[in-house]
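This report concerns only the one structure given below.
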There are 2 protein chains.
Amino acid sequence: MTSHPIGHEVLAAVLQIRGERLRVLVWERAMEPDAGRWALPGGRLGDDEDVETSVRRQLAEKVDVREVTHVEQLSVFSDPRRMGEGPRLIATAFLGLVPSDADPALPDDTAWHAVDDLPATAFDHDLIIDDARDRLRAKLSYTNLGFALAPGEFTISALRELYVAALGHPVSATNLQRVLTRRDLLEPTGETVPPGRAGGRPAALFRFTDRSLLVTDAFAVLRPPGRPSGTGARPVLP
Amino acid sequence: MTSHPIGHEVLAAVLQIRGERLRVLVWERAMEPDAGRWALPGGRLGDDEDVETSVRRQLAEKVDVREVTHVEQLSVFSDPRRMGEGPRLIATAFLGLVPSDADPALPDDTAWHAVDDLPATAFDHDLIIDDARDRLRAKLSYTNLGFALAPGEFTISALRELYVAALGHPVSATNLQRVLTRRDLLEPTGETVPPGRAGGRPAALFRFTDRSLLVTDAFAVLRPPGRPSGTGARPVLP
DNA sequence: ACAAAAGTGTTAGTTGTACACCCATGT
DNA sequence: ACATGGGTGTACAACTAACACTTTTGT
């Protein structure tokens with residue numbers, strides 16, 4: 001039935017907030033096909049790796065992997081013509097996240113581009129980036145995924161800016177703090193940072209209590225009986 | 001870098017509630033490897049299909065595809081040794097759902113097995129089934145995915161039994177109805193069904209207002225401002 | 001003193017849970 | 001009549017949104 005060989009690659013949409021915008025790490029292709037267009041980091045799957053291992057290895061070529069705080073699978077892109085006339089290649093796409101204070105050295109052909117103002121992308125990489133952005137937005141709301149975008153310690157207003165940039169709509173600092181502390185996702189460090197030249201009260205520093213992904217609002221409805229709703233953050237689904 | 005050929009297959013964990021239990025469609029392998037163990041339907045990806053097309057084609061060999069009300073991608077299983085010593089095969093796994101009133105004719109080697117009492121499964125298919133069950137449970141809570149498990153019309157107590165079987169914990173018929181109607185997921189048909197021999201009030205029939213997947217509770221927190229919370233079911237993520 | 005930024009208090013509206021109660025039917 | 005399953009009403013608790021108000025700093 002199947003006869004032609006099918007290759008398999010992994011691709012990562014690595015997102016970071018820089019300059020108050022949500023950006024994705026892309027590199028400019030020098031060679032055909034799609035020379036001059038911007039592509040996601042990734043490459044062919046090795047013989048002895050699974051896709052998770054492979055994507056982490058390939059990312060190491062673009063950024064210091066220790067800066068990537070979260071990686072998760074998106075979906076498979078398998079349109080037989082997704083690479084145009086070239087040989088068939090199936091891609092497993094990933095979302096990667098980097099905290100806003102990381103500033104990894106990048107190769108010359110590589111840059112952070114705003115996801116809502118993308119240059120021409122290679123192949124179907126724009127679809128993958130859309131998937132990544134949608135996944136991030138959804139999970140910011142019902143998980144503690146903010147930890148992957150934020151520095152180790154941060155003020156509430158800095159955190160608010162991250163959420164605004166990622167979600168694309170206004171977020172109230174007041175309510176953000178209340179929601180996140182009530183869910184025990186945030187804790188104060190006890191430290192404060194002095195205000196800028198315009199004055200203002202010094203801001204308290206916070207950190208995320210847990211830096212592994214937790215679902216904080218699953219079973220929003222149809223919760224098992226007898227359990228108060230704030231109870232029990234659960235390990236995570238896709 | 002890569003030299004050995006890598007095959008690609010699709011696999012589907014098709015779930016249905018039968019006899020008040022959540023079951024999965026599996027077939028018993030007759031040939032090695034893993035003869036006598038139970039496997040998910042699926043097979044090699046064809047030259048001119050994407051994975052979604054392929055899984056629907058392959059399912060057609062086991063069940064009447066018109067009975068499958070929902071199909072979505074789970075994740076990729078790519079451990080180099082997932083097929084034991086055989087040639088390497090990467091699997092894209094899917095969740096499929098069939099309404100409880102469907103009773104498709106099945107080949108002799110194929111059966112519905114309860115997901116919480118599985119026989120020995122081939123390869124890593126038990127992991128895929130766990131993924132499928134977890135995904136279903138999560139989405140039942142924050143989407144209208146119940147439509148894919150339920151008949152076209154149903155009583156609240158029948159629907160309650162479906163949720164109990166799928167979620168594995170008690171669900172109150174009262175609150176289930178209230179939650180689903182408040183979110184405008186359910187509407188009465190106006191019809192009723194007569195009670196059984198034990199008597200009781202005739203039950204009203206309901207249907208889901210929309211039979212495409214909608215997220216009803218995303219942005220549970222951090223919702224865009226100015227919008228009442230029940231408003232605006234949104235098209236769906238992963 | 002005043003402006004600016006951070007943080008807290010208060011109120012109102014919405015949602016989900018629990019449970020009591022009423023309804024329609026068979027025996 | 002009474003048992004049985006179906007459906008509604010009500011009270012309560014938790015949560016979020018909105019906004020006014022207080023706190024702490026710089027100029």
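Across all their heavy atoms, B:L11 and B:L40 have their closest contact at CD2-O, 3.8 Å. Taking all atoms of both residues into account, the shortest heavy-atom contact from B:V51 to B:Q73 is CG2-NE2, 3.9 Å.
A heavy atom lying under 4.0 Å from DNA chain C marks the following residues of residues 190-206 of chain A, by number: A:A198, A:G199, A:G200, A:R201, A:P202, A:A203, A:A204.
At whole-Å resolution of the value, CG in B:N175 and P in D:dG7 are 14 Å apart. Atom-to-atom, CG of A:L185 to P of D:dC15 comes out at 13 Å; the value is rounded to the nearest Å. Taking atom OH on A:Y163 and atom C1' on D:dT16, their separation rounds to 16 Å, with Å as the unit. Distance B:L186 CG to D:dG7 P: 11 Å, rounded to the nearest Å. A:R182 places its CZ atom 13 Å from the P atom of C:dT8, with the value rounded to the nearest Å.
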Step by step, would you call A:R133 with A:D130 a salt bridge (charged side-chain N to carboxylate O under 4.0 Å, His left out)?
CA-CA 5 Å; A:R133 177 188 29 108; A:D130 285 351; 3.1 Å; yes
Taking it one step at a time, do A:D103 and A:R18 satisfy salt bridge (charged side-chain N to carboxylate O under 4.0 Å, His left out)?
CA-CA 9 Å; A:D103 191 18; A:R18 323 194 108 216; 2.5 Å; yes
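The side chain of B:Q177 has D:dT8 as its nearest neighbour among C:dG9, D:dT8, D:dT16. Here the nucleotide nearest the side chain of B:R178, chosen from C:dA18, C:dG7, D:dC19, is C:dA18.
Using a 4.0 Å heavy-atom cutoff across all strands shown, A:S157 reaches sugar-phosphate atoms only and no base atom.
In summary, the aromatic rings of B:F147 and B:F154 are positioned with their centroids too far apart to meet the 6.0 Å limit.
Evaluation of the salt bridge (charged side-chain N to carboxylate O under 4.0 Å, His left out) test over residues 185-198 of chain B, restricted to residues two or more places apart or in two chains, returns B:E187-B:R207.
Applying the 4.0 Å criterion to OP1 and OP2 of D:dT16, one finds that A:R183 has a side-chain N or O inside that range.
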